[in-house]
Amino acid sequence: MRTGFKALLIALAAGLFVPAVMVAQMPKDQAGAKGSTAPFDPHDLSGMWDFFNRTPGQGIYATPSKDHPPFTAWAQARYDEAKPGYGPKAQPGGNDPILQCDPSGIPRIMFFPQPHEIVQLPDRMFMFFEREHAFRQIWTDGRPHPKDPEPTWMGDSIGHWEGDTFIVDTIGFNDKSWLDFYGDPHSDQLHLTERYKRVDHDTLTMQLVVDDPKAYTKTWVGDTKIFKLLSGKDAAMEELFCVYSEENAFTNRIRMPAAGKK
(Lines give C-alpha, C1' and ligand atoms only; values in the text may rest on other atoms or scores of the structure.)
Protein backbone atom coordinates (compact mmCIF):
# COMPACT_ATOMS: atom_id res chain seq x y z
CA MET A 1 0.00 0.00 0.00
CA ARG A 2 1.33 3.44 -0.83
CA THR A 3 2.82 5.44 2.07
CA GLY A 4 0.37 8.29 1.54
CA PHE A 5 -2.55 5.88 1.58
CA LYS A 6 -1.31 4.39 4.85
CA ALA A 7 -1.30 7.84 6.43
CA LEU A 8 -4.80 8.52 5.16
CA LEU A 9 -6.13 5.24 6.48
CA ILE A 10 -4.65 5.99 9.88
CA ALA A 11 -6.36 9.38 9.86
CA LEU A 12 -9.66 7.80 8.84
CA ALA A 13 -9.29 5.22 11.57
CA ALA A 14 -9.08 8.09 14.05
CA GLY A 15 -12.19 9.67 12.55
CA LEU A 16 -10.33 12.55 10.93
CA PHE A 17 -11.15 14.16 7.57
CA VAL A 18 -9.38 16.80 5.51
CA PRO A 19 -11.45 20.00 5.88
CA ALA A 20 -12.71 21.44 2.61
CA VAL A 21 -11.03 24.78 3.36
CA MET A 22 -7.67 23.02 3.55
CA VAL A 23 -8.31 21.32 0.24
CA ALA A 24 -9.26 24.66 -1.31
CA GLN A 25 -5.93 26.11 -0.15
CA MET A 26 -3.89 23.46 -1.95
CA PRO A 27 -1.91 24.55 -5.01
CA LYS A 28 -4.03 24.24 -8.14
CA ASP A 29 -1.89 21.47 -9.57
CA GLN A 30 -2.48 19.43 -6.40
CA ALA A 31 -6.12 20.32 -5.92
CA GLY A 32 -7.00 19.59 -9.54
CA ALA A 33 -8.99 22.79 -9.78
CA LYS A 34 -7.91 23.38 -13.36
CA GLY A 35 -8.20 20.67 -15.96
CA SER A 36 -5.90 19.88 -18.85
CA THR A 37 -6.35 21.58 -22.20
CA ALA A 38 -5.18 18.44 -24.05
CA PRO A 39 -7.62 17.06 -26.64
CA PHE A 40 -9.87 14.19 -25.57
CA ASP A 41 -12.82 12.10 -26.72
CA PRO A 42 -15.80 12.70 -24.39
CA HIS A 43 -17.07 9.20 -25.17
CA ASP A 44 -13.82 7.58 -24.09
CA LEU A 45 -13.76 7.08 -20.31
CA SER A 46 -10.87 4.63 -20.36
CA GLY A 47 -7.96 5.25 -18.05
CA MET A 48 -7.03 5.04 -14.39
CA TRP A 49 -8.97 7.45 -12.19
CA ASP A 50 -8.41 8.68 -8.64
CA PHE A 51 -11.16 10.02 -6.37
CA PHE A 52 -9.47 11.17 -3.16
CA ASN A 53 -10.64 14.51 -1.80
CA ARG A 54 -8.19 16.85 -3.54
CA THR A 55 -10.60 18.94 -5.53
CA PRO A 56 -12.58 22.02 -4.37
CA GLY A 57 -16.30 21.34 -4.61
CA GLN A 58 -15.81 17.61 -4.12
CA GLY A 59 -18.30 17.54 -1.26
CA ILE A 60 -17.99 15.51 1.88
CA TYR A 61 -15.70 12.53 1.59
CA ALA A 62 -16.96 8.96 1.28
CA THR A 63 -20.72 9.39 0.90
CA PRO A 64 -23.09 10.26 -1.97
CA SER A 65 -23.68 13.68 -0.36
CA LYS A 66 -23.54 15.32 3.06
CA ASP A 67 -27.29 15.12 3.63
CA HIS A 68 -29.61 12.28 2.75
CA PRO A 69 -33.39 11.94 2.75
CA PRO A 70 -35.09 10.69 5.93
CA PHE A 71 -34.69 7.00 6.68
CA THR A 72 -37.53 4.58 6.79
CA ALA A 73 -37.95 2.79 10.13
CA TRP A 74 -36.15 -0.24 8.64
CA ALA A 75 -33.14 1.82 7.57
CA GLN A 76 -33.02 3.84 10.80
CA ALA A 77 -32.68 0.65 12.79
CA ARG A 78 -29.90 -0.52 10.47
CA TYR A 79 -28.10 2.82 10.71
CA ASP A 80 -28.34 2.90 14.51
CA GLU A 81 -26.70 -0.51 14.65
CA ALA A 82 -23.88 0.44 12.27
CA LYS A 83 -20.41 0.76 13.81
CA PRO A 84 -18.05 1.79 10.99
CA GLY A 85 -14.35 1.04 10.96
CA TYR A 86 -13.43 4.45 9.50
CA GLY A 87 -14.69 8.03 9.63
CA PRO A 88 -16.43 10.19 12.24
CA LYS A 89 -18.47 7.23 13.56
CA ALA A 90 -15.47 4.90 13.68
CA GLN A 91 -15.52 2.39 16.50
CA PRO A 92 -12.93 -0.27 17.23
CA GLY A 93 -14.32 -3.76 17.09
CA GLY A 94 -17.32 -2.49 15.14
CA ASN A 95 -19.57 -4.32 12.70
CA ASP A 96 -18.41 -2.66 9.49
CA PRO A 97 -18.69 -5.34 6.77
CA ILE A 98 -15.27 -4.44 5.39
CA LEU A 99 -13.65 -5.34 8.72
CA GLN A 100 -14.62 -8.92 7.91
CA CYS A 101 -13.31 -8.51 4.36
CA ASP A 102 -16.81 -8.54 2.91
CA PRO A 103 -16.88 -6.70 -0.45
CA SER A 104 -17.34 -2.93 -0.17
CA GLY A 105 -19.92 -2.95 -2.95
CA ILE A 106 -21.14 -0.11 -5.14
CA PRO A 107 -20.97 2.82 -4.58
CA ARG A 108 -18.80 2.62 -1.45
CA ILE A 109 -15.79 1.16 -3.22
CA MET A 110 -15.70 4.31 -5.39
CA PHE A 111 -14.90 6.44 -2.31
CA PHE A 112 -11.72 4.73 -1.14
CA PRO A 113 -8.39 6.52 -1.63
CA GLN A 114 -7.32 3.93 -4.16
CA PRO A 115 -7.67 4.23 -7.95
CA HIS A 116 -9.90 2.35 -10.32
CA GLU A 117 -9.40 1.69 -14.02
CA ILE A 118 -12.07 1.90 -16.71
CA VAL A 119 -11.70 -0.34 -19.75
CA GLN A 120 -14.17 0.04 -22.64
CA LEU A 121 -15.04 -2.77 -25.04
CA PRO A 122 -17.59 -2.72 -27.87
CA ASP A 123 -20.26 -4.50 -25.80
CA ARG A 124 -19.42 -3.60 -22.20
CA MET A 125 -17.34 -1.49 -19.87
CA PHE A 126 -15.22 -2.81 -17.02
CA MET A 127 -14.24 -1.07 -13.80
CA PHE A 128 -11.24 -2.60 -12.04
CA PHE A 129 -10.55 -1.45 -8.48
CA GLU A 130 -7.29 -1.50 -6.59
CA ARG A 131 -9.33 -1.90 -3.41
CA GLU A 132 -9.99 -5.63 -2.91
CA HIS A 133 -8.95 -6.18 -6.56
CA ALA A 134 -12.69 -6.12 -7.27
CA PHE A 135 -14.25 -5.49 -10.66
CA ARG A 136 -17.66 -4.81 -12.14
CA GLN A 137 -18.98 -5.11 -15.69
CA ILE A 138 -21.44 -2.69 -17.26
CA TRP A 139 -23.20 -4.03 -20.34
CA THR A 140 -23.53 -1.56 -23.21
CA ASP A 141 -24.94 -3.84 -25.92
CA GLY A 142 -28.56 -2.79 -25.38
CA ARG A 143 -29.63 -5.72 -23.23
CA PRO A 144 -32.18 -5.10 -20.44
CA HIS A 145 -31.80 -6.15 -16.82
CA PRO A 146 -32.76 -9.73 -16.02
CA LYS A 147 -36.37 -9.97 -14.89
CA ASP A 148 -35.37 -11.55 -11.59
CA PRO A 149 -31.65 -10.85 -11.01
CA GLU A 150 -29.76 -12.80 -8.39
CA PRO A 151 -28.82 -10.40 -5.55
CA THR A 152 -25.09 -9.62 -5.65
CA TRP A 153 -22.61 -7.20 -4.07
CA MET A 154 -22.13 -5.19 -7.28
CA GLY A 155 -25.60 -5.63 -8.78
CA ASP A 156 -26.50 -5.96 -12.45
CA SER A 157 -25.35 -2.92 -14.45
CA ILE A 158 -26.29 -1.71 -17.91
CA GLY A 159 -25.11 1.53 -19.51
CA HIS A 160 -25.91 3.86 -22.38
CA TRP A 161 -24.92 7.30 -23.66
CA GLU A 162 -27.11 10.38 -23.51
CA GLY A 163 -25.08 12.95 -25.43
CA ASP A 164 -21.71 13.16 -23.67
CA THR A 165 -23.03 11.61 -20.44
CA PHE A 166 -22.66 7.91 -19.73
CA ILE A 167 -25.60 6.59 -17.69
CA VAL A 168 -25.16 3.45 -15.61
CA ASP A 169 -28.32 1.79 -14.30
CA THR A 170 -27.87 -0.89 -11.62
CA ILE A 171 -30.31 -3.14 -9.77
CA GLY A 172 -30.06 -6.62 -8.26
CA PHE A 173 -28.10 -5.74 -5.11
CA ASN A 174 -28.04 -7.71 -1.91
CA ASP A 175 -28.51 -5.73 1.32
CA LYS A 176 -25.22 -6.68 2.98
CA SER A 177 -23.01 -3.71 2.10
CA TRP A 178 -23.23 -0.05 3.13
CA LEU A 179 -23.51 2.90 0.77
CA ASP A 180 -20.67 4.76 2.47
CA PHE A 181 -18.34 5.08 5.45
CA TYR A 182 -21.13 6.35 7.72
CA GLY A 183 -23.06 3.12 7.73
CA ASP A 184 -25.90 4.46 5.55
CA PRO A 185 -27.71 1.27 4.58
CA HIS A 186 -29.43 0.09 1.45
CA SER A 187 -31.85 -2.74 0.80
CA ASP A 188 -32.19 -5.30 -1.97
CA GLN A 189 -34.60 -2.84 -3.61
CA LEU A 190 -31.78 -0.38 -4.33
CA HIS A 191 -31.86 1.15 -7.81
CA LEU A 192 -28.62 3.06 -8.38
CA THR A 193 -28.04 5.51 -11.24
CA GLU A 194 -24.57 6.88 -12.02
CA ARG A 195 -24.05 9.75 -14.46
CA TYR A 196 -20.47 10.03 -15.76
CA LYS A 197 -19.10 12.86 -17.87
CA ARG A 198 -15.54 13.48 -19.04
CA VAL A 199 -15.33 17.25 -18.83
CA ASP A 200 -11.70 17.53 -19.96
CA HIS A 201 -8.73 15.26 -20.65
CA ASP A 202 -7.91 14.77 -16.98
CA THR A 203 -11.30 15.11 -15.26
CA LEU A 204 -14.24 12.73 -14.93
CA THR A 205 -17.35 13.73 -12.99
CA MET A 206 -19.95 11.41 -11.52
CA GLN A 207 -23.30 11.93 -9.82
CA LEU A 208 -25.14 9.23 -7.90
CA VAL A 209 -28.91 8.88 -7.62
CA VAL A 210 -30.06 6.45 -4.93
CA ASP A 211 -33.63 5.18 -5.23
CA ASP A 212 -34.44 2.72 -2.44
CA PRO A 213 -38.00 2.95 -1.10
CA LYS A 214 -37.32 0.37 1.61
CA ALA A 215 -34.49 2.49 3.05
CA TYR A 216 -35.21 6.16 2.14
CA THR A 217 -38.46 8.10 2.04
CA LYS A 218 -37.31 10.07 -1.01
CA THR A 219 -34.83 9.67 -3.84
CA TRP A 220 -31.30 10.59 -2.72
CA VAL A 221 -29.57 12.74 -5.34
CA GLY A 222 -25.87 13.00 -4.54
CA ASP A 223 -23.50 15.85 -5.23
CA THR A 224 -20.99 15.76 -8.08
CA LYS A 225 -17.88 13.68 -7.49
CA ILE A 226 -14.63 14.41 -9.31
CA PHE A 227 -12.07 11.85 -10.44
CA LYS A 228 -8.67 12.80 -11.83
CA LEU A 229 -6.80 10.86 -14.51
CA LEU A 230 -3.56 9.26 -13.37
CA SER A 231 -0.62 9.06 -15.73
CA GLY A 232 2.93 7.83 -15.88
CA LYS A 233 4.18 5.99 -12.79
CA ASP A 234 1.05 6.99 -10.87
CA ALA A 235 -1.16 5.00 -13.25
CA ALA A 236 -0.57 1.68 -11.57
CA MET A 237 -2.38 -0.51 -9.08
CA GLU A 238 -0.79 -2.26 -6.15
CA GLU A 239 -1.86 -5.58 -4.69
CA LEU A 240 -4.56 -4.69 -2.20
CA PHE A 241 -6.56 -7.79 -1.42
CA CYS A 242 -8.58 -7.72 1.76
CA VAL A 243 -7.00 -10.43 3.93
CA TYR A 244 -8.76 -10.95 7.25
CA SER A 245 -5.59 -11.65 9.24
CA GLU A 246 -4.05 -8.41 7.97
CA GLU A 247 -7.26 -6.44 8.51
CA ASN A 248 -7.48 -7.70 12.09
CA ALA A 249 -3.82 -6.85 12.73
CA PHE A 250 -4.46 -3.32 11.39
CA THR A 251 -7.37 -2.97 13.81
CA ASN A 252 -5.22 -3.95 16.77
CA ARG A 253 -2.25 -1.84 15.68
CA ILE A 254 -4.00 1.32 14.40
CA ARG A 255 -7.75 1.50 15.05
CA MET A 256 -7.64 0.54 18.70
CA PRO A 257 -4.85 2.99 19.68
CA ALA A 258 -6.52 5.74 17.61
CA ALA A 259 -9.68 5.25 19.65
CA GLY A 260 -7.77 5.17 22.94
CA LYS A 261 -8.21 1.43 23.33
CA LYS A 262 -5.59 -1.19 24.08
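This one's a predicted model, so the numbers in the text were calculated from it and none came from an experiment.
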Within the side chain of T217, is there an N or O that forms a donor-acceptor pair under 3.5 Å with the backbone of P70?
yes
Determine, step by step, whether H68 and T63 satisfy the side chain to side chain contact (heavy atoms under 4.5 Å, CB included) criterion, reporting the C-alpha distance in whole Å, the side-chain angles of both residues, the deciding distance to 0.1 Å, and the verdict.
CA-CA 10 Å; H68 59 70; T63 185; over 6 Å; no
State which residues pass side-chain contact (heavy atoms from CB on, under 4.5 Å) with A75; sequence neighbours excluded, sorted by chain then number.
F71, T72, P185, A215
N-O pairing of K228 and D234 below 4.0 Å
no
Sidechain N-carboxylate O distance under 4.0 Å for D175, K214:
no
L208 versus F111, closest heavy-atom pair with distance:
CD1-CZ, 3.7 Å
Which pairs, with at least one residue in residues 147-163 and sequence neighbours excluded, count as a side chain to side chain donor-acceptor pair (under 3.5 Å)?
R136-S157, H145-D156, S157-T170, H160-E162
Ionic contact status for K225 with D223, cut-off 4.0 Å
yes
Just wondering, do D188 and N174 contact through their side chains at under 4.5 Å, heavy atoms?
no
Output every pair passing disulfide bond (SG atoms under 2.5 Å apart) with a member in residues 122-230, not counting sequence neighbours, ordered by first then second residue.
none
Residue set satisfying side-chain contact (heavy atoms from CB on, under 4.5 Å) with A73, at least two apart, ordered chain then number -> none
Show me the pairs that pass disulfide bond (SG atoms under 2.5 Å apart) and involve residues 161-245, at least two apart or across chains.
C101-C242
T205 (side chain) donor-acceptor with K197 (main chain) under 3.5 angstrom:
yes
Flag the pair K176 / D102 as yes when at least one side-chain heavy-atom distance between them is below 4.5 Å, and no otherwise.
no
Any side-chain heavy-atom pair of R198 and W49 under 4.5 Å
yes
Per the disulfide bond (SG atoms under 2.5 Å apart) rule, what does the pair list look like for residues 132-162, sequence neighbours excluded?
none
Ring centres under 6.0 angstrom apart (H116, F227):
yes
